[in-house]
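Before any comments, here is the structure.
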Amino acid sequence: MAPGVVDEPAVSKDLRQSLENLTLDYDDTLRFYLNGTKVTLDNADPEVTLLEYLRGIGLTGTKLGCAEGGCGACTVVVSQYNPTTKSIYHASVNACLAPLVSVDGKHVITVEGIGNVKKPHPTQERIAKSNGSQCGFCTPGIVMSLYALLRNNTDPTTHEIEEAFDGNLCRCTGYRPILDAAQTFSIEKTCGKATSNGGSGCCMENGTDGVNGGACCKSGTDGDANDQPIKRFTPPGFIEYKPDTELIFPPALRKHDFKPLVFGTKRKKWFRPATLQQLLQIKHYYPSAKVIGGSTETQIETKFKAMNYASSVFVGDIAELRQYSLDDEYLEIGGNVVLTDLECIAKEAIEHYGEARGQPFAAILKQIRYFAGRQIRNVGTPAGNLATASPISDLNPVFVASNAVIIAKSLEGTTELPMSSFFKAYRVTSLPPDAIIASIRIPVAKDRGEYIRAYKQAKRKDDDIAIVNAALRVKLSEAHTVDAADLIYGGMAPTTIAAKKANEYLVGKKFTDPQTLEGVMNALEQDFDLRFGVPGGMATYRKSLALGFFYKFYHEVLSQIAVEEEQIDREAVGEIERVISFGKKDHKSSVAYEQKILGKEKEHVSAMKQCTGEAQYTDDIPHQQNELYGCLVLSTKAHAKLISVNASPALELPGVFDFVSHEDVQDPKANWWGAPNCDEVFFAVDEVFTAGQPIGIILADTAKHAEAGARAVKIEYEDLPAIFTIEEAIEKESYFDHYRYIQKGDVEAGFKNSDHVFTGTARMGGQEHFYLETMACVIVPKPEDGELEIFSSTQNASETQAYLAKLTGVDANKVVCRVKRLGGGFGGKETRSVQLAGICATAAHKHRRPVRCMLNRDEDILTSGQRHPFLAYWKVGVNKDGKLQALDADVFNNAGWSQDLSAAVVDRALSHVDGCYKFPNIFVRGRLAKTNTVSNTAFRGFGGPQGMFICETFMEEIADHLGMPVEKLRQINMYKSNEQTHFNQELKDWYVPLMYKQVQEESEYARRRAEIEDFNKTHKWNKRGLALIPTKFGISFTALFLNQAGALVHIYHDGSVLLAHGGTEMGQGLHTKMIMIAAEALKVPPENVFISETATNTVANASSTAASASSDLNGYAIWNACAQLNERLQPYREKLGPDATMKEIAHAAYFDRVNLSANGFYKTPDIGYVWGPNTGQMFYYFTQGVTAAEVEIDTLTGDWTCLRADIKMDVGRSINPAIDYGQIEGAFIQGQGLFTTEEMLWHRASGQIFTRGPGAYKIPGFRDIPQEFNVSLLKDVNWENLRTIQRSRGVGEPPLFMGSAVFFAIRDALKAARKQFGETEVLKLQSPATVERIRVSCADPIIKRSLVLPREGEKSFFVSI
C-alpha cells in the first residue's frame, strides 16, 4: 500500500556521501530497560521487531497472534516520558509492530515482569480466578492492557475499563469473565462504601462527589467527622491492589540523553534523529527514506507485502513534532502527536473553544474513539494517517472538511499545504519528497451557523477499518442559506474525496427547505455512481451509507436550528450507544449434587500460568541444537498445472538451507493423506487445486530468512478452470462421491395432506477458526532407529503419529507426538494440523535436523480450512394450525478441494435438520460440493449448527407465511419426551420444552415483546427484535470406532498422582475436569494430581479431542483406572484408617509390592447407527438448551447491538460449573460471530481468500457481546437415563448454535423495518447477517435509490463461497 518498493536509495552518490558524513557522529548503541533491568545493545538489527527480540531472549509470555496489530496477543507496556503531556505514560503497544530500535530510552514491561505463579500481580490473579483464561494464548496481552490502564489511572471508571480492551481479541471466553475480573479495579467497584460492596453508597453513586463541600471518598477522607481514610475495597479471595508497589519508571531514564542514532545492516539503515533539524537534514540528503512514526503500517508492508525500505527514519522521539497549541482561530497539533494524546487534546480544545467552536475537535474525538485499538492509538499519528493517504482513513475526512492546513517543513523552508488538494491519487499526496509533515492547523468553527459532524460504519464497532466514513460540514447564514459546504467521504473512491456535485448544489440553497435534502441526495447519487463490480465490493451498501450519513447530518443540523418540529426526523439523529455490559450466572445450580470435589466451581488448572506467561505452547519450546526454520511455499492459483518450480533463486539467499518438495518424500504413496479418505497430498506434484496448497517448504537458519526464501521460489503455472461456490458446483455437477440420506414416513403423502406447502432456500457462509495460536510444530529426529519426536499444536496426536510414521518410513512405535496445550483449536487442529507436521517431518527426516514452523495468520487461514458453507433447498408441508406434516430437503456443503471430514459434517447436518421439532414425514439428502477452495474441515458443532440453521430458517419463513408468531409455531411442533427423532432415536431426559418455558418466564419475554412492538411503532429508523431459539445437539462421534478412550494413572511414594489420558487441552478445561475426577475417585486433593502432557507413548490409539465427548470418554477411562487402584488400595485404607493420607497408603502398598499404576479404558455403549435402513442409535444422548436474544438495529447504517441474551443449558450434573459456564459463554459469542460479523470472502480475480487476518476478518470483540449477558444451568430435574461420568453432558459444541438467536432477533427487527415502508414479502436472510446484509434487507426509499445492479456480464469483486 506504499507508493513503491525502495530496494536501493534513489539518491546520487554525492548525496549518499553527504548523508554518511552527516550521520558519522550518530550513536549506534540502543539503551533501554526491560522489566526493571538495564539493557544495552551495540548490534541492534533494525529489521527485528520488539516481539522477535523478546521471544528470542526467552521471554515467550508475549505471543504472536497475527503480526498485524489486530489481536493484541503481543501486547506489552512501554513506559516513557511523553513530551506532549510532560509526564510519564505507560503505553500498551503491539510488540509485533514495534521495531526493537524504537524503544531507546524507554522501559519495556512484559507479562513476566509484573508477576509469576508464586507472586502474581493482582491483574493476573483476578483474571485467573475469575475464569477469564481458557486456552490462555491471548491472556498475557489482555493482562498487559489492563495493567497499562491501571498504571496510567489507578481509579478507572467502569466505562474506561469496558473500553480498555478494544485492541485485544479472545476466541474462547466470550469476554464476560474478563470484564468481570477487570471491573473489580473500577472506582465504582473498589470503593468501600459502594452498595455492591455492602456499603451505604459511594459518593459517585449518591451524586455527592465533591458536591456541597462533601469530600470524595477516593480523595482520602470520607467527609465524616473522624476523617479516616477510606480503604480501597478488595473482593474476597483476591490480592489487594497497591499502586505504590508497581515497577518504578527507572530514574536513569528520566535523565536519558536522546542522542541521534543510526543502525544498519547490508539490507537496511535505520536513523533516529533527536531533533527536527536532524530529521530535515536526513530527508534533504535522502528524500526516499521512509519516515516512520508508529510503524503500524510499515511493519505490515514489510511483513506481508515483502516491501523493503532501504532506509527508515524514526520520528517518534522528536519532541518538537509532539507539541500542540490552542490559538484564537485554530488548533495546531504536531504531526507526530500520538492519537491517544490527540484524544486528550481534542477534549481540551472543546472545553477551551466551547461546544460550537469546538465542533471539529468533537468530530476528531468521535472518529478516534473507534480508530483501531488502544495499542495502535498509543503509537499511531495524524501525520502517519495523512502520509499513507489511505482512502478509508477515519481522520482524513475530518481534516479535509474542516479546511485544515498541513505545515510541511524541509531544509529549504516551510510550506502550507491545504487539505482540500492534498490527496492526488491512490496513496499519492502533494507532500514534497524532501519534506515532512511538521504540524496540522485545524480551524475552529464559527460561533453560529457552522455545523460539522463525522460518521463511520465498519463491519465491527471497535478496532475496525471503515467501510465508509464521512465528515460533513455546512456554513449557514442567518436566513439558513448555505454559504459553504464540504461533504467529504472516505471509502467511496481511491482517495478521501469531496462530493463535488452535492457541494456545488448545496451552496446558495436554503438548508431548511425539504427540497434541499432531495437535491443533495440526487447529487450524491451522481457523485457516487458506483458500478456493481467496484473494487472493495458492497456497491449498494456503500452508496446507501453515503446517502444515509447525509440524511442523518441534515436532520442533526435541523435539530440545532429553529425550525418546525415536524421538519426534523429526530429518529435519524445519533447512533446506537452501549451501556456498561453486565450479566449474571446461577452459581448455585450444582449445589444439589455437589460432592467433595466434583460439581464445584474451580478455575482452570493452568489459568494462573497462562496469566503470568509461564504456560508453554508449541513455539515456546526452547530452540533445539542445529534447528532449522521452515516456511511453506504455497500455490497462488486456485487451479492450475505446475509447469515448473525453481528454488534456485531462494537457495542463493543468505541463511537459506534447502527447498523440500514431493521429490523428498521417501515413497510417492506416503505423500498421500487425508481422513477418512486418503485423497490429498502433503506436497503438490504436478497440479494445484486451491490457492494456498503447499508446494514445498524452505528451510533456513532464521524464520525471516525462510520467509524471504519462500517468496523467492519461482513457480510457473498454466491456469485451469476453477469452481468456487456451491451453486457453481451444482451447475457443473462437481461432487465428491458421498451421498447420504435419512428417510422416515411418506413425504409425498405428507405434502398431499398439508394445507400449505412452502419452498425456499437456506444459505450460510463459512467461518474461520481464528484460534489465537496458529498451526505450529517442532519436529526432532532422534539419532537412533529413525525415532522421531513431534511437538505439535494438534487435537489429534495419534493421527499425527500415524501419518508421520508413514511419511518417514518407520513404525509408529518409534514416533512420539507430544501436546502440552493448544492455544485454541475448535476443530481446526483435528486433521489439518497433520499437514504442517507432515511437511516439517519430511524436511527433518531428510536432513536429520530439528525443524520448527509456526504459520503466520495469513498462511494459517490460506491452508487450514474453515467451517463448511452450506446451501439447502427445502420444501415443507404444514397445516393451517401450524402443525408440520412433511420436510424434503437437499443439503449441500462446500467441501473444498479435498474431502477431509466433509462427509461426516454433512451427515451430522442431516441428523440435526429437524431442530427440536417433530416431522411425521421427512426425506433429507446430503451431498459434498467439490470446489477449488481451501479444504474445509471440522469446526465446533461439526455440521450441527448448519443443520439447525436450515431448520430455524424455514420455521421463521413458514411462520411469516402463516401470519403466526414463530414462538408459537416452535412450541406447537416441539418434540415431547420419549418421542423419536427422524433417525428413530428416542428422546430421553428431554427438557427443551421445560427450558423453553423457563427462559420465557425468567427473561420476561412476553413483556419485552410488547415493549418492542411499542418501540418499533414509535421509532422510524431504529428497530428492535427478539428471538427465542432452542437446540438439541447429539453427543457421540458418528464414526463408531472413535467412541473409545484410554487413561494411565500412576501413584507415587509421596502420594502424588500422575495422570495421562488421550485428550488434549485446548482451553476447554478438559485437564481440569479430569484432575477433579481422579481426585474424587482416589480421595486426594486436586493439587496432588498432575497432568504433564498428552503423548502417544503414554496413551496409545487415542481418538481426536472432538465431538464434545472428551470428558465423557476420558473421564470414564480415568474413573476405570482409579477403580482398579482403589480396589488394590482398599485393604490399606481399612488397615490405616479413614484419616490416612495417600502418601501413607501408597507407601504401605509399595512395600507390599502392589502395582500403583493402572490403565483405564472406556467405550460408549449402545450406539451404532446404520445409514440407509435408518436403524440403530446414532447418539448416546443430546445436550439441550434455549436462548432468548434481543437486538437493536440502525436501519440507516446496518449497525446493531445485542441488548440482552438469556441462555439456559441442560448440561446434566456439571463436573465443574465454572468451566461449563466458560464454554457456554465462549461458544455463544463464537456462534454470534458465525451468524453476524464473520464473513469469509474470496477475491474473484485471483481466486485467493481475501479475509485472511484480523484486518479483514472480524470475530466479535469485547464491545460486541450482549449488553446484558445472563447464563444459567438447568436444575431441579432428574437425569434418569443419563449414564455418563457424574451424569454430566458434553458442553463444548452445543451452545454455539445459541448464537443464532442474535441472527433471528436481527431478522425480527428487519421485519419491523420492512413493514414500516410497506414491504410485505417474506424476508429471506442469508447468514451471516453482516451490517451490509442488514442494510440492504431494509425497504426504505434511501436503500431503494442506492440499489446497484450488475451490467451484462459484470460480476462482484468478492465471492462468498
Side-chain angles (χ1 to χ4, degrees), residues 5-8 45 47-49 52 67 265-268 300-310 623 626-637 640-665 671 681-688 690-718 774-779 807 835-860 862-863 1246 1248 1252:
V5 180
V6 186
D7 283 313
E8 292 297 326
D45 183 346
E47 294 188 273
V48 169
T49 64
E52 289 165 341
T265 62
K266 288 181 180 178
R267 275 171 50 90
K268 187 175 182 67
I300 292 170
E301 290 174 345
T302 55
K303 174 77 175 176
F304 296 107
K305 300 175 185 175
M307 302 195 80
N308 174 36
Y309 297 103
H623 289 225
N626 222 19
E627 184 177 276
L628 293 167
Y629 289 81
C631 184
L632 297 180
V633 176
L634 303 174
S635 162
T636 57
K637 300 286 186 179
K641 286 183 179 177
L642 285 176
I643 304 303
S644 67
V645 178
N646 180 11
S648 299
L651 296 174
E652 292 171 6
L653 295 177
V656 174
F657 180 75
D658 192 18
F659 173 68
V660 176
S661 69
H662 70 93
E663 294 174 356
D664 299 296
V665 178
N671 193 31
V681 287
F682 285 106
F683 300 97
V685 180
D686 49 21
E687 190 174 345
V688 290
T690 188
Q693 184 179 346
I695 294 169
I697 185 170
I698 284 286
L699 302 177
D701 58 350
T702 69
K704 269 210 164 80
H705 284 154
E707 284 179 18
R711 284 194 291 264
V713 175
K714 302 294 183 190
I715 302 170
E716 189 180 345
Y717 301 93
E718 181 185 312
T774 58
M775 298 282 188
C777 67
V778 180
I779 312 294
L807 258 175
Q835 178 176 261
L836 180 65
I839 290 170
C840 290
T842 304
H845 182 70
K846 177 181 178 181
H847 293 292
R848 307 307 299 168
R849 289 176 65 175
V851 172
R852 176 188 301 258
C853 183
M854 183 177 184
L855 298 183
N856 288 325
R857 177 64 58 186
D858 61 328
E859 294 169 334
D860 190 280
L862 280 168
T863 60
S1246 67
Q1248 296 186 23
R1252 58 172 79 172

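The shown structure was predicted, so the numbers you read here are calculated from the model rather than taken from an experiment.
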For this session: Output, in order, the C-alpha distance, side-chain angles, deciding distance and verdict of side chain to side chain contact (heavy atoms under 4.5 Å, CB included) for Thr842 and Phe682.
Result: CA-CA 10 Å; Thr842 304; Phe682 285 106; 5.8 Å; no
For this session: Please name the pair of heavy atoms, one in Leu699 and one in Gly630, separated by the smallest distance, quoted to 0.1 Å.
Result: CD2-CA, 4.1 Å
Exercise. Would a distance-only check, ignoring hydrogens and angles, find a side-chain to backbone donor-acceptor pair under 3.5 Å from Lys641 to Asp686?
Worked result: no
What pairs of donor and acceptor atoms, side-chain ones from residues 654-661 against any protein atom, are under 3.5 angstrom apart with sequence neighbours left out?
unit_1, atom_1, unit_2, atom_2, d
Asp658, OD2, Lys846, NZ, 2.7
Asp658, OD2, His847, NE2, 2.6
Ser661, OG, Glu663, N, 3.4

Exercise. After noting the C-alpha distance and the side-chain angles of Leu807 and His845, does the key distance pass the side chain to side chain contact (heavy atoms under 4.5 Å, CB included) rule?
Worked result: CA-CA 9 Å; Leu807 258 175; His845 182 70; over 6 Å; no
For this session: Go through Leu836 and Leu632 one step at a time and tell me if the side chain to side chain contact (heavy atoms under 4.5 Å, CB included) criterion holds.
Result: CA-CA 9 Å; Leu836 180 65; Leu632 297 180; 4.2 Å; yes
Exercise. What pairs with Ala708 under side-chain contact (heavy atoms from CB on, under 4.5 Å), at least two apart in sequence or on another chain?
Worked result: Leu653, Arg711
For this session: Calculate, to the nearest 0.5 Å, the distance between atoms CG and CG belonging to Leu862 and Leu855 respectively.
Result: 10.0 Å
Exercise. Is the side chain of Asp860 donor-acceptor paired with the backbone N or O of Met775 at a distance under 3.5 Å, no angle test?
Worked result: yes
For this session: Inspect the contact between Glu627 and Arg852 and indicate whether a charged nitrogen and a carboxylate oxygen are less than 4.0 angstrom apart.
Result: yes
Exercise. Can you name the residues that form a side-chain hydrogen bond (donor to acceptor under 3.5 Å, both in side chains) with Glu859, not counting sequence neighbours?
Worked result: none
For this session: List the steps, then state whether side chain to side chain contact (heavy atoms under 4.5 Å, CB included) holds for Val645 with Val713.
Result: CA-CA 7 Å; Val645 178; Val713 175; 4.0 Å; yes
For this session: Looking only at non-hydrogen atoms, find the nearest pair between Cys777 and Cys840 and report the distance.
Result: SG-SG, 3.6 Å
Exercise. Is there a side-chain contact between Pro850 and Leu628 (heavy atoms, below 4.5 Å)?
Worked result: no
For this session: Could you list the residues that satisfy ring-ring contact (aromatic ring centres under 6.0 Å, His included) with Tyr717, not counting sequence neighbours?
Result: none
For this session: Quick one: pull up CG in Asn308 and OG1 in Thr302 and give me the separation to the nearest 0.5 Å.
Result: 8.5 Å
Problem set entry | side-chain hydrogen bond (donor to acceptor under 3.5 Å, both in side chains) against Arg857, all qualifying residues, sequence neighbours excluded | none
Exercise. Quick one: does Ser635's side chain have a donor or acceptor within less than 3.5 Å of a partner on Gln693's backbone?
Worked result: no
Problem set entry | Any Thr863 side-chain heavy atom under 4.5 Å of Gln835 side chain | yes
Exercise. Are Lys303 and Asn856 close enough that some pair of their side-chain heavy atoms sits under 4.5 Å apart?
Worked result: yes
Exercise. Salt bridge (Lys or Arg N to Asp or Glu O under 4.0 Å): which pairs involve residues 695-704, sequence neighbours left out?
Worked result: Glu52-Lys704
Problem set entry | Donor-acceptor pair, side chain of Asn671 and main chain of Phe683, under 3.5 angstrom | yes
For this session: Verify the distance criterion only: is there a donor paired with an acceptor across the side chains of Ser648 and Asn646 at less than 3.5 Å?
Result: yes
For this session: Might you point out which heavy atoms bring Pro694 and Ile839 nearest each other, and give the distance in Å?
Result: CB-CD1, 3.6 Å
Exercise. Any donor-acceptor pair under 3.5 Å linking the side chain of Glu707 with the backbone of Cys631?
Worked result: no
